[in-house]
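Here's the structure we're looking at; comments come further down.
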Amino acid sequence: MEARTPRPAVGAREAFNLATTGRYDDAAARLQKSLGSVTDPAVRGWIGEQRAAYLHHVDAHVAQQQLSRALDDNPFVLKPVGGVTPTQLGPQRHRPRPALPT
């Protein structure tokens with residue numbers, strides 16, 4: 001019985017090979033092609049993050065948009081530069097007590 005390599009892994013490796021030779025646009029296109037066969041949102045988000053990394057060399061703005069889409073699928077991918085809104089924390093209500101009485 002021969003083990004089969006999942007298609008997204010093959011696409012990711014082919015994209016990596018293209019990127020190592022400076023063909024970032026082709027690498028991003030190869031990953032886009034792989035995205036069509038992926039049904040798992042976590043994997044789709046991870047591949048989208050990888051695609052954004054390659055797109056950054058070609059067009060940083062489009063790469064940030066790709067990261068936003070990847071984040072919709074997988075909350076554990078890198079956050080886009082302008083895509084995260086910070087939340088202000090409220091004041092502390094109680095002062096912590098010392099561990100030992102003084």
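The analysis underlying the following values was restricted to heavy atoms, covering all of them including side chains, and did not include hydrogens, waters or symmetry mates. All figures in this text were calculated on a predicted structure; none of them were measured in a lab.
Taking CG from D73 and CZ from F76, the interatomic distance works out to 13.5 Å, rounded to the nearest 0.5 Å. For the atom pair CZ of R44 and OG of S34, the computed distance is 13.0 Å after rounding to the nearest 0.5 Å.
The side-chain heavy atoms of L71 and K79, taken from C-beta on, include a pair separated by under 4.5 Å. Side-chain atoms of N74 and E49, non-hydrogen and from C-beta on, never get closer than 4.5 Å to each other.
If you chain together ILVMFWY residues whose side-chain heavy atoms come under 4.5 Å of each other, V62 ends up grouped with L55.
In terms of the side-chain contact (heavy atoms from CB on, under 4.5 Å) criterion, residue partners of A27 (sequence neighbours excluded) are, by chain and number, A15, L18, A19, Y54. P75 is linked by a side-chain contact (heavy atoms from CB on, under 4.5 Å) to nothing, counting only residues two or more places apart in sequence or in another chain. Residues satisfying the side-chain hydrogen bond (donor to acceptor under 3.5 Å, both in side chains) criterion with D72, sequence neighbours excluded, are absent altogether. In this view, V43 and V38, D40, I47 satisfy the side-chain contact (heavy atoms from CB on, under 4.5 Å) rule, not counting sequence neighbours.
When hydrophobic clusters are built by joining Ile, Leu, Val, Met, Phe, Trp and Tyr residues whose side-chain heavy atoms come closer than 4.5 Å, directly or via intermediates, L78 is not grouped with L31.
Between L67 and A52, the shortest heavy-atom contact is CG-CB, 3.8 Å.
A salt bridge (Lys or Arg N to Asp or Glu O under 4.0 Å) check over residues 51-66, counting only residues at least two apart or in different chains, returns nothing. Among residue pairs with one or both ends in residues 19-36, those qualifying as salt bridge (Lys or Arg N to Asp or Glu O under 4.0 Å) are E14-R30, R23-D26; sequence neighbours excluded.
Residue H56 qualifies as open at atom NE2: its count of foreign heavy atoms under 6.0 Å is 12 or below.
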